[in-house]
Amino acid sequence: MWLMTPFGFFSTVKKPGDDHLTVRARSASDLDRLRADYLPQLGPTVEGAGTDYPYRAVVGGEAYAGALAAIARDIDYANFKSEVSRRMGRGRSHIYSEVWTALLAIEREG
């Protein structure tokens with residue numbers, strides 16, 4: 001699952017044989033913010049342990065589900081991209097906007 005939030009971008013998977021989820025990120029700071037604000041149970045950030053994402057940490061599924069619920073409850077903004085810009089800066093907002101633009105292709109897909 002990809003999760004784009006006003007405080008970070010995450011890819012969460014459950015690898016074969018694991019009891020836990022692996023939360024991956026392109027920025028260690030994103031994992032730090034997730035841990036500090038919503039998910040203190042998130043394990044330590046490991047750098048360079050995978051192929052697609054340079055940073056990752058593990059957590060139990062129930063703890064992750066609780067964090068997702070808390071993130072949803074904290075939505076208090078009318079425009080996501082503006083909130084990203086306010087919290088993370090224009091650079092991150094621009095990156096998210098590029099993803100949003102690429103996803104427009106879904107409309108043509110049907």
**Q** Do you know which two heavy atoms are closest between Val84 and Pro6, and how far apart they sit?
**A** CG2-CA, 3.8 Å
**Q** Step through the shown structure and confirm whether more than 12 heavy atoms of other residues, nucleotides or ligands are within 6.0 Å of CD on Glu62.
**A** no
**Q** Are Ile75 and Ile71 grouped together when hydrophobic residues (ILVMFWY) are joined by side-chain heavy atoms under 4.5 angstrom apart?
**A** no
**Q** Find out if a path of hydrophobic residues (ILVMFWY) with successive side-chain heavy-atom gaps under 4.5 Å connects Val59 to Tyr53.
**A** no
**Q** Using side chain to side chain contact (heavy atoms under 4.5 Å, CB included), reason through Tyr38 and Asp74 one step at a time and then give a plain yes or no.
**A** CA-CA 10 Å; Tyr38 293 101; Asp74 281 352; 2.7 Å; yes
**Q** When you look at Leu3 and Leu68, which way does the side chain to side chain contact (heavy atoms under 4.5 Å, CB included) test go after all the steps?
**A** CA-CA 10 Å; Leu3 178 65; Leu68 291 178; 3.5 Å; yes
**Q** Give the C-alpha distance, both sets of side-chain angles, the deciding distance and a yes or no for side chain to side chain contact (heavy atoms under 4.5 Å, CB included) between Met1 and Tyr64.
**A** CA-CA 12 Å; Met1 174 176 67; Tyr64 191 73; 3.6 Å; yes
**Q** Could you walk me through whether Ser27 and Met88 pass the side chain to side chain contact (heavy atoms under 4.5 Å, CB included) test, one step at a time?
**A** CA-CA 12 Å; Ser27 166; Met88 305 274 297; over 6 Å; no
**Q** Nearest heavy-atom pair of Ala57 and Pro44: which atoms, and what distance?
**A** CB-O, 3.6 Å
**Q** Would a hydrophobic clustering, with Ile, Leu, Val, Met, Phe, Trp and Tyr connected at side-chain separations under 4.5 Å, put Phe10 with Trp2?
**A** no
**Q** Under the rule for ring pair (Phe, Tyr, Trp, His ring centres under 6.0 Å), what residues qualify as partners of Tyr96, not counting sequence neighbours?
**A** Phe80
**Q** Would you confirm whether Ser85, through its side chain, and Lys81, through its main-chain N or O, come within 3.5 Å as a donor-acceptor pair?
**A** no
**Q** Give the cluster check for Tyr77 versus Leu34: same hydrophobic cluster or not, with ILVMFWY residues linked at side-chain heavy-atom distances below 4.5 Å.
**A** no
**Q** Under the 6.0 Å and 45° cation-pi test, does Arg24 pair with Tyr55?
**A** no
**Q** Restricting to pairs with a member in residues 32-42, which pass salt bridge (charged side-chain N to carboxylate O under 4.0 Å, His left out), not counting sequence neighbours?
**A** Asp30-Arg33, Asp32-Arg35
**Q** Can you see which heavy atom on Leu31 is nearest to which on Leu42, and at what distance?
**A** O-CD2, 3.9 Å
**Q** Can you tell me how far apart CG (Leu104) and CZ (Arg108) are? Round to the nearest 0.5 Å.
**A** 7.0 Å
**Q** Identify the heavy atoms of Thr45 and Ala28 that sit nearest to each other, and give their distance.
**A** CG2-CB, 4.4 Å
**Q** Provide the closest heavy-atom pair for Leu39 versus Ala63 in the form atom of the first, atom of the second, distance.
**A** CD1-O, 3.4 Å
**Q** Should Val46 and Val58 count as side-chain neighbours, where that means a heavy-atom distance under 4.5 Å?
**A** no
**Q** Calculate, to the nearest 0.5 Å, the distance between atoms CZ and OG belonging to Arg87 and Ser82 respectively.
**A** 12.5 Å
**Q** Between atom NZ of Lys15 and atom CG of Leu21, what is the distance when rounded to the nearest 0.5 Å?
**A** 11.5 Å
**Q** Should Ile106 and Trp100 be counted in the same cluster of Ile, Leu, Val, Met, Phe, Trp and Tyr side chains packed under 4.5 Å apart?
**A** no
